[in-house]
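Computed from a predicted structure; not experimentally measured.
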Amino acid sequence: MVPEAAARHTPTERQQAVLDAVLDLLVEGGDQLTMTAVARRASCSKETLYKWFGDRDGLLAAAVRWQASKVRTGNYDRQKLDADALRDSLEAFAANWLKVISSRTSMALNRVAVSHAGSGKSNLGSIVLANGRFAIGERLKPLLEAGRAAGLLAFDDAEEAFRTFYGLVGRDVQIRLLLGDPLKLSTATIERDASYAVDRFFTLFGTAGRPKIRSL
């Protein structure tokens, strides 16, 4: 039987509250997460959790998807995409992604996922990859392909273009945070870094129609 939540593109408000409870518990206790603890924190029954999410891995996968859904590419019209609209959408994605990955919630998720990878403790590592990094890539690649179709970007492989953009945006931020660097990313810093990443991406993949690089 497929859990009810798996059939929905967006969790209900009540399910979102449950997933927020899961993320809060991961921040507080790392991998000491049980269905009983989630049910208690979210004020719901374990039966409801099993009905919605299937099992612990299903619940974790839904929580990762919920966290990753906060990274958005912005609004754009594929049929009327110009250089400025493309830049704005890429900057929106970059700033949004930096804000999400630098949050205590994402750090907790990633620390637990890394500690479990290859240990046999759980499938959280593959869950985070599939519903985080890979899902985000599939969300952004249509925008990159739209930019190519509009003659604004030139690349052979959308995945390679995305990986380059991902690296320009993230640089060493995530690894530093995972290793305990008390790096503080203010809103101004995030916006500056997002603009810098998009500038460099256009330098690598932009065509003659790319917008002028903005000063930082």
Can you find a pair of side-chain heavy atoms, one from [X] and one from [Y], that are under 4.5 Å apart?
X: Leu168; Y: Leu204; answer: yes
X: Leu86; Y: Leu153; answer: yes
X: Leu90; Y: Leu140; answer: yes
X: Gln174; Y: Ser102; answer: no
X: Asp193; Y: Thr189; answer: yes

Mind checking the [atom1]-[atom2] spacing from [X] to [Y]? Nearest 0.5 Å is all I need.
X: Leu144; Y: Phe93; atom1: CG; atom2: CZ; answer: 8.5 Å
X: Phe53; Y: Gln15; atom1: CZ; atom2: CD; answer: 5.0 Å
X: Leu179; Y: Met107; atom1: CG; atom2: CE; answer: 10.0 Å
X: Thr36; Y: Lys46; atom1: OG1; atom2: NZ; answer: 3.5 Å
X: Ser45; Y: Tyr50; atom1: OG; atom2: OH; answer: 10.5 Å
X: Lys70; Y: Arg65; atom1: NZ; atom2: CZ; answer: 14.0 Å

- [ ] Tell me whether the guanidinium CZ or amine NZ of Arg171 lies under 6.0 angstrom from the six-membered ring centre of Tyr196 and within 45° of its axis.
- [x]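 Ring-cation test returns yes.
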Open item on the list: For Phe202, does the six-membered ring have the charged nitrogen or CZ of Arg200 within the cation-pi criterion, i.e. under 6.0 angstrom from the centroid and within 45° of the normal?
Closed with: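 No, Arg200 does not lie over the aromatic ring of Phe202.
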Quick check on the hydrophobic clustering: are [X] and [Y] connected, directly or via other members, by side-chain heavy-atom contacts under 4.5 Å?
X: Leu178; Y: Leu98; result: yes
X: Ile190; Y: Leu183; result: yes
X: Phe134; Y: Val64; result: no
X: Val169; Y: Leu185; result: yes
X: Val27; Y: Leu177; result: no

Would you confirm whether [X], through its side chain, and [Y], through its main-chain N or O, come within 3.5 Å as a donor-acceptor pair?
X: Arg41; Y: Val18; answer: no
X: Gln16; Y: Pro11; answer: yes
X: Ser89; Y: Ala85; answer: yes
X: Glu28; Y: Leu25; answer: no
X: Arg87; Y: Asp82; answer: no
X: Ser103; Y: Val100; answer: yes
X: Thr207; Y: Gly151; answer: yes

Open item on the list: If you count heavy atoms of other groups shown closer than 6.0 angstrom to CG of Asp157, is the number above 12?
Closed with: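 Yes.
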Open item on the list: Can you confirm whether more than 12 heavy atoms, excluding those of Arg14, are under 6.0 Å from its CZ atom?
Closed with: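 More than 12 within 6.0 Å, yes.
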Open item on the list: Is a donor from one side chain sitting under 3.5 angstrom from an acceptor on the other, for Ser106 and Gln67?
Closed with: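 On atom types as modelled, these side chains qualify, holding a pair under 3.5 Å.
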TODO: Give me the ring orientation class for Phe165 and Phe201: parallel if the planes are under 30° apart, tilted from 30 to 60°, perpendicular past 60°.
DONE: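 If you compare the ring of Phe165 with that of Phe201, the planes turn out perpendicular.
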Task: Nearest atoms (heavy-atom pairs only) where Cys44 meets Leu49 - done: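 Smallest interatomic distance, heavy atoms only, reads SG-CD2, 3.7 Å.
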TODO: Grab the two heavy atoms, one from Leu59 and one from Met35, that are nearest each other, plus how far apart they are.
DONE: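 Scanning both residues completely, I find the closest heavy atoms to be CD2-SD, 3.6 Å.
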- [ ] Please report the C-alpha distance between Leu26 and Leu60 in whole Å, then the side-chain angles of each, then the deciding distance to 0.1 Å, and finally whether the side-chain contact (heavy atoms from CB on, under 4.5 Å) criterion is met.
- [x] CA-CA 10 Å; Leu26 284 170; Leu60 286 170; 4.3 Å; yes
TODO: May I ask you to decide whether Lys141 forms a salt bridge with Glu160, counting only side-chain N to carboxylate O separations under 4.0 Å?
DONE: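 Salt bridge: no.
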Open item on the list: Assess whether a salt bridge exists between Glu159 and Arg133, defined as any Lys/Arg side-chain N lying under 4.0 Å from an Asp/Glu carboxylate O.
Closed with: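 Yes, this pair counts.
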Open item on the list: Walk me through whether Ile101 and Val71 qualify under side-chain contact (heavy atoms from CB on, under 4.5 Å).
Closed with: CA-CA 9 Å; Ile101 67 165; Val71 181; over 6 Å; no
